[in-house]
6 protein chains.
Amino acid sequence: MSWSDPILLPGTANPAFAASLAGELGIPIAERVVQRFPDGELGIELREAVSRRPVVVVQPTSPPVADNLLELLGLLDAARRAGAERVIAVVPYFGYARGDSRHGRREPILARVVADAIQAAGASHLITVDLHSPVVEGFLTIPSNDVDPVPVVCAALAPVAEDVVVVSPDLGRARTATRIGATLDRPVAVLHKRRLSGGDVEVQRVSGEVDGRSCLIVDDMISTGSTVVEAMRALEAAGARPAFVVAATHGVFTGGARAALTDARIREIVVTDTIAPDPGAWPPTRVVTIVPAVAAVVRETLGG
Amino acid sequence: MSWSDPILLPGTANPAFAASLAGELGIPIAERVVQRFPDGELGIELREAVSRRPVVVVQPTSPPVADNLLELLGLLDAARRAGAERVIAVVPYFGYARGDSRHGRREPILARVVADAIQAAGASHLITVDLHSPVVEGFLTIPSNDVDPVPVVCAALAPVAEDVVVVSPDLGRARTATRIGATLDRPVAVLHKRRLSGGDVEVQRVSGEVDGRSCLIVDDMISTGSTVVEAMRALEAAGARPAFVVAATHGVFTGGARAALTDARIREIVVTDTIAPDPGAWPPTRVVTIVPAVAAVVRETLGG
Amino acid sequence: MSWSDPILLPGTANPAFAASLAGELGIPIAERVVQRFPDGELGIELREAVSRRPVVVVQPTSPPVADNLLELLGLLDAARRAGAERVIAVVPYFGYARGDSRHGRREPILARVVADAIQAAGASHLITVDLHSPVVEGFLTIPSNDVDPVPVVCAALAPVAEDVVVVSPDLGRARTATRIGATLDRPVAVLHKRRLSGGDVEVQRVSGEVDGRSCLIVDDMISTGSTVVEAMRALEAAGARPAFVVAATHGVFTGGARAALTDARIREIVVTDTIAPDPGAWPPTRVVTIVPAVAAVVRETLGG
Amino acid sequence: MSWSDPILLPGTANPAFAASLAGELGIPIAERVVQRFPDGELGIELREAVSRRPVVVVQPTSPPVADNLLELLGLLDAARRAGAERVIAVVPYFGYARGDSRHGRREPILARVVADAIQAAGASHLITVDLHSPVVEGFLTIPSNDVDPVPVVCAALAPVAEDVVVVSPDLGRARTATRIGATLDRPVAVLHKRRLSGGDVEVQRVSGEVDGRSCLIVDDMISTGSTVVEAMRALEAAGARPAFVVAATHGVFTGGARAALTDARIREIVVTDTIAPDPGAWPPTRVVTIVPAVAAVVRETLGG
Amino acid sequence: MSWSDPILLPGTANPAFAASLAGELGIPIAERVVQRFPDGELGIELREAVSRRPVVVVQPTSPPVADNLLELLGLLDAARRAGAERVIAVVPYFGYARGDSRHGRREPILARVVADAIQAAGASHLITVDLHSPVVEGFLTIPSNDVDPVPVVCAALAPVAEDVVVVSPDLGRARTATRIGATLDRPVAVLHKRRLSGGDVEVQRVSGEVDGRSCLIVDDMISTGSTVVEAMRALEAAGARPAFVVAATHGVFTGGARAALTDARIREIVVTDTIAPDPGAWPPTRVVTIVPAVAAVVRETLGG
Amino acid sequence: MSWSDPILLPGTANPAFAASLAGELGIPIAERVVQRFPDGELGIELREAVSRRPVVVVQPTSPPVADNLLELLGLLDAARRAGAERVIAVVPYFGYARGDSRHGRREPILARVVADAIQAAGASHLITVDLHSPVVEGFLTIPSNDVDPVPVVCAALAPVAEDVVVVSPDLGRARTATRIGATLDRPVAVLHKRRLSGGDVEVQRVSGEVDGRSCLIVDDMISTGSTVVEAMRALEAAGARPAFVVAATHGVFTGGARAALTDARIREIVVTDTIAPDPGAWPPTRVVTIVPAVAAVVRETLGG
């Protein structure tokens with residue numbers, strides 16, 4: 001191994017993903033210490049020389065979002081200051097991507113704040129997976145790649161997609177649902193949501209034919225599960241069979257998700273491994289790896 | 001009230017401090033919404049026009065440090081984008097200030113990362129209280145002020161400082177302890193610490209006369225309480241009386257602090273209100289307000 | 001008039017709008033020279049002192065887009081270098097806003113390039129009207145406001161909106177169409193487009209009831225007119241009456257628009273005055289002014 | 001060819017120059033799409049991976065100046081975002097270079113505005129030819145090279161320079177004229193201009209001996225041709241023979257140039273190929289290539 | 001005096017100029033300490049609150065150039081960090097302005113390096129007098145003004161300019177000489193220099209009529225005096241009378257200048273007070289003040 | 001030697017150090033011209049192509065501090081503009097490092113001003129030796145290394161350290177003194193200083209056993225020598241033998257140092273070669289080279 005060989009520097013948010021990516025790329029994992037002190041401060045130290053080596057930092061900003069983000073910034077800054085030739089940030093799940101515009105309100109644009117912080121801390125390239133909003137790339141001036149989850153998700157769904165209708169739970173996901181439908185050769189339906197008071201939404205209309213069909217609900221992330229629950233309600237009301245498969249790129253599964261999704265109508269939940277699964281994840285979840293797709297992009301970025 | 005009158009925009013980390021500061025300054029508090037969604041994302045909206053008004057954002061980055069920091073960044077960005085004439089960040093407790101240098105190790109400099117993020121998010125002036133490291137000011141290029149806690153702390157301690165020795169628990173605090181001793185007209189002693197393995201420290205030497213005296217231990221912050229406990233042990237070993245008063249600017253009081261400091265030898269613990277006190281704070285803590293001192297600096301900054 | 005009174009600096013792209021805005025605000029228009037030399041270079045000179053005065057630069061980046069953008073940059077830089085207290089860029093039509101993301105392709109993000117250039121040239125505030133993409137705000141770090149065209153457009157349409165269905169020609173405009181429908185108390189329909197080869201699109205589906213109704217087609221801009229023509233075709237195929245009103249915020253009307261829109265079925269075309277109308281504008285176009293709405297935002301920004 | 005081999009990305013302003021440069025360098029030309037939409041917006045897409053490759057973007061900002069500049073910015077941004085290792089901007093003709101200072105007037109400094117935009121869009125090196133003002137380099141902080149046209153121009157002129165006087169049409173070009181005279185071993189004369197009202201200038205004085213001699217007028221660019229016409233008038237008035245050769249680095253030839261320069265006294269006009277020649281260029285123009293000189297600098301920059 | 005009244009912060013390079021400017025503007029002078037330690041380091045402390053006040057820093061970067069520049073940077077940074085509302089840098093003599101371009105050589109552009117440092121240290125406006133190169137303004141993005149010395153110089157010269165020829169010692173000063181000639185209603189001559197080996201130059205040609213005339217040599221600065229000496233030699237050779245007046249904006253007068261200029265042919269040397277005169281300045285030098293002209297520009301900048 | 005081989009570009013402040021470093025690294029020294037003109041301006045020209053080569057600029061900012069700093073900035077800018085692949089600044093002695101914070105006073109932070117200027121002028125990596133304050137690294141965002149002088153100093157001191165007490169002349173140096181004591185296996189004492197009026201200090205207390213011992217006084221720099229003289233006085237008063245060895249990393253030796261340190265009690269003064277020794281250095285000084293330690297860090301940075 002020559003001195004300028006790349007090295008992978010893992011954060012603590014998803015060590016299994018990082019290890020798997022290092023294996024796929026055939027590059028070593030840097031020894032490092034990440035400590036959280038009782039008062040919430042952070043101690044980070046690289047235990048390996050990274051001078052003139054490309055460093056691949058791996059850290060999704062999954063919950064606890066702010067803690068994982070700060071750790072990401074610390075890892076980037078440490079690698080940059082230690083003389084890394086380049087610092088490639090692999091952020092499989094990019095939190096705060098929803099805050100991408102203000103729509104006339106007096107709000108922050110948090111996705112820009114976060115993008116600025118990542119760039120200022122020394123990232124020279126950002127690699128994400130299925131960004132909630134593609135405009136985040138424009139908040140950066142460094143190069144970036146957003147890995148497309150459709151091939152991996154479709155490969156995982158092929159065995160369970162016979163006779164289903166692919167359902168997008170809202171307009172924002174319609175384009176991806178259409179691509180999944182085309183790949184699986186299945187019809188597509190789109191739900192139209194209406195925002196009620198508070199954070200609640202209600203499906204207003206089902207556009208597409210679901211009567212008597214099983215449905216495959218596809219989304220970018222599953223958070224509390226309420227979107228899925230509301231989609232199932234509306235689809236059943238429109239005549240769908242009470243047999244659902246749910247697929248999402250990011251399995252965020254926050255508090256209450258397990259209860260909400262423990263539902264006999266759900267045959268299976270498929271997510272990728274961008275977020276470290278909760279150790280006690282319950283039976284119906286199947287996790288498929290998106291590491292090879294990410295590795296391909298990292299490899300191109302490293303200039304193999 | 002004219003259109004360009006200042007307005008105070010409080011974060012959620014210490015609403016009592018913010019309200020008190022607004023009262024002291026005689027300026028209104030902006031209506032705003034701060035929401036934390038189940039997946040950890042943050043929703044912030046100002047409900048009041050701030051165009052061309054100086055906005056005073058108030059948010060310590062006390063634990064949970066990263067969450068409070070992100071909220072601070074969001075508030076700054078929202079105020080700036082809404083057209084504030086200036087955005088004055090009042091951060092009574094500035095977390096991450098300990099990470100101010102690397103000492104030859106491959107570490108990040110988190111205080112610089114945080115300073116960059118605060119400045120990038122739109123702060124035009126930073127006001128802090130008793131920064132752990134004065135060099136943080138040099139990490140910024142915007143103007144800044146660090147409020148001196150000594151007058152407030154000395155006023156609070158005067159009634160209980162008769163016949164005590166003022167003790168600095170380490171070399172870093174010796175200068176402030178000397179100033180407190182001079183103000184209270186009391187002698188000073190300094191403890192010399194040695195770092196053991198892990199985060200533990202041991203006092204090696206007591207420099208100054210403590211035999212048969214009550215001690216007033218002064219520090220910038222009380223976190224786990226272990227520094228205080230170790231100081232009492234060393235002072236007693238050096239002959240001090242088992243009667244201590246403890247004073248600190250920042251009452252962080254993380255997990256275990258209550259147990260560690262529930263000690264019959266401690267007569268009183270005095271802290272200022274930079275950090276919102278835990279609702280169930282136990283008897284011996286006395287909180288004195290530093291709001292008037294902060295208000296004086298904000299007032300000068302506003303140019304009122 | 002005191003020395004720090006604001007002054008308006010008009011570009012050459014829409015002098016009538018600039019004059020009207022100055023009148024509405026009651027502020028003077030700066031004398032200036034803008035020359036285009038035979039080799040395409042630009043000569044700009046302010047003939048009035050702007051030192052310590054807020055300067056309101058007014059220039060839409062309508063076609064010729066690049067020339068008008070460069071002139072805008074020159075005006076901003078001249079005002080900034082001459083010591084303006086602030087430089088408020090009023091860009092009623094913001095070109096290049098469509099280039100806001102890459103969707104996985106190797107493309108530039110032109111909206112970010114343009115936003116960076118505007119900010120680098122010295123703009124301290126950007127005011128736009130009905131931005132094609134709200135995320136452009138996130139490409140800036142200066143404050144910005146996007147003026148809502150709905151009240152003006154609805155006031156203009158009220159007399160001709162009896163019994164019509166409000167039609168959004170694509171999903172992207174559905175939200176605004178819904179707001180217009182609610183204001184006018186009329187039902188709404190949404191067309192779903194499919195992109196064919198080249199720049200052509202085809203309407204795939206009409207969602208909403210249009211049978212036997214007159215339609216009011218609403219969009220953010222009318223460029224070649226092809227979107228309107230295709231919408232009319234699809235609406236008639238769905239049973240709509242051959243009687244249309246077309247309303248858009250920005251009347252770009254590029255080559256061929258006149259021919260395409262000279263159509264007996266079109267009762268009226270309503271646009272605002274963000275773009276200087278072609279002198280030979282043909283009969284059916286009615287131009288309503290959005291200047292008062294823009295003036296209200298400028299006034300708030302000036303802090304008057 | 002290895003992965004990190006350089007690639008040339010041509011703009012549309014001078015494809016022949018770009019192709020010739022690629023040939024001279026022996027590097028491939030990237031497939032790309034550049035579209036101008038009817039409303040003046042720009043669509044750019046690279047059809048080739050450029051990750052970790054040095055990319056040489058080639059685009060003079062000749063008329064239409066602003067359009068070519070925006071296209072240049074778009075190409076730079078696309079290459080940078082796609083992960084190019086470096087982006088070398090070859091701008092054989094750099095427009096706006098005349099706007100390099102204000103001389104006490106309230107003007108923009110357009111050369112700085114343009115330099116900032118080029119650097120902000122991602123250029124890591126700028127290569128120009130015979131910049132109108134050498135100070136443009138100081139408006140950048142990236143490395144730059146300005147290719148010297150004298151060797152190429154002299155080689156082209158040698159056959160027609162027998163017995164001529166080399167004439168600089170103004171003081172600004174005197175230094176280059178002197179270098180050309182020295183290389184060709186011919187005497188030199190300098191014209192002193194006076195600026196009349198408007199853009200017109202008049203030659204006040206001829207400094208040097210021209211009586212009874214043929215003259216070789218040398219300049220950096222020929223735009224409207226009026227400088228050449230006025231120089232011929234003054235030289236003839238000073239006794240020169242009515243037989244002129246005109247040489248310039250940049251053949252801008254704007255409207256009216258053909259008529260002005262269709263003159264029996266002009267034996268030949270020599271320009272280099274920095275600007276794509278008008279297809280219907282009239283007989284007396286001889287275009288010599290400066291591509292080998294540019295290629296030598298690019299090669300050094302590539303570090304080949 | 002209200003809180004936001006401006007205050008003048010003088011450096012040590014020209015205290016008389018600073019005091020005179022404060023008097024002319026009617027603003028107070030800030031108490032401050034400037035110390036140079038034995039090891040060459042610099043200690044600066046403001047002894048007065050400048051929060052929210054415009055601060056006018058006055059410091060020419062005359063020899064010792066680097067020391068005075070560093071002190072200027074320190075004063076700017078101190079004022080900015082102390083919360084000044086704006087920091088106006090008045091640099092009556094701007095050193096390093098000659099290093100404004102590279103002309104194809106591998107050199108630094110020191111004027112840009114210095115401009116960047118001044119802007120980075122917190123200057124919000126730069127005021128200079130008779131900059132050696134007007135392009136320095138383009139190296140900044142903050143507003144700037146260059147004070148024209150011609151009116152002051154002409155008023156001082158009127159009594160001694162009868163029957164003289166105004167002489168520009170090189171081409172670079174021809175424009176200013178022409179303006180002075182027009183104001184004084186006197187003819188103008190221009191010398192053409194040739195650079196010999198080393199720093200020496202030789203006048204090659206006198207353009208204009210000087211035979212039998214007294215000459216008034218005008219330049220932007222007098223440094224070693226060698227330019228003046230060489231000009232006198234060439235003018236005498238061209239028939240001028242051995243009676244000269246020399247006028248320059250900046251009296252740098254470095255080592256050897258006194259000897260070189262102690263010459264019976266020189267009737268008088270006129271300079272302005274941009275640079276603090278050497279205490280032992282010898283008889284023929286007359287210093288005229290340019291303070292009122294600078295004050296007029298500062299006053300406009302303050303927006304009084 | 002291939003084209004991308006590194007090259008060393010020496011400033012004029014310590015040519016022997018630069019030559020020795022080049023020899024140790026086995027890399028060539030670039031030909032260059034550095035001229036100081038009589039008016040204090042600076043002329044720098046590289047006489048060698050550095051395009052795509054890593055350039056190692058070597059220049060301590062020893063007295064005259066400001067001149068050497070400006071020369072450093074000029075060398076960095078020249079190398080960057082000439083297309084260097086990277087520019088590594090080796091600044092063996094970093095002046096202004098004492099100005100790292102304000103401690104509540106209205107002062108500049110000169111170490112930040114200098115760090116900003118170095119980074120802005122094009123440094124991509126900074127290598128220093130024994131920085132007075134480690135926080136300077138945080139004033140930069142580029143990578144940096146501070147070379148540890150302890151191994152070199154201890155090797156030099158071993159022969160003369162028998163039976164000595166290692167003495168830190170103040171608290172700031174206690175940590176390094178402890179490391180030196182541990183390496184040499186000698187006891188350590190620490191002096192506690194008190195600042196008197198002006199720049200004078202007085203030692204208040206000697207902490208540690210020195211009675212009847214020879215002392216080895218260790219510091220980061222020797223400037224005027226007054227610290228050493230005061231330390232000797234206090235140590236003798238505490239019973240130490242009148243036999244001292246003094247060791248420092250940086251031998252600044254400003255005016256008066258020679259007189260102050262010509263003292264029979266001083267057996268030897270040991271310094272490293274970070275600063276070029278005064279040619280007439282007097283007998284007791286022994287200079288040991290730190291070049292190999294610096295070379296090791298440069299080599300790692302070059303990625304050799």
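Chain identifiers are assigned alphabetically (A, B, ...) following the order of the sequence lines, protein sequences preceding nucleic acid strands; residue numbering begins at 1 within each chain.
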Q | Contact winner vs chain E - D/I109, D/L131, D/V113, D/V135, heavy-atom pairs under 4.5 Å | A |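 Highest number of heavy-atom pairs under 4.5 Å: D/V135.
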
(Q) Heavy-atom pairs under 4.5 Å with chain E: which of D/P134, D/S101, D/A174, D/G138 has the most? (A)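 Heavy-atom pair counts peak at D/G138.
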
Q) How many angstroms lie between NE2 in D/H103 and CZ in E/R175, if you round to the nearest 0.5 Å? A)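 It is 4.5 Å, given to the nearest 0.5 Å.
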
Q: Report the distance from atom OG of E/S207 to atom CZ of D/R205, rounding to the nearest 0.5 Å.
A: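 If I round to the nearest 0.5 Å, the distance is 3.5 Å.
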
Examine whether an atom of [X] lies under 4.5 Å from a heavy atom of chain D, and if so say whether it belongs to the side chain, the backbone or both; otherwise answer neither.
X	answer
E/D146	neither
E/D116	side chain
E/L110	neither

Q. Ignoring hydrogens and geometry, is there a side-chain-to-backbone donor-acceptor pair from D/R112 to E/F139 under 3.5 Å?
A.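 Side chain of D/R112 to backbone of E/F139: a pair is present.
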
Q. Do you know the tightest heavy-atom contact between D/R102 and E/S144?
A.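 Here D/R102 and E/S144 meet closest at NH2-O, 2.8 Å.
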
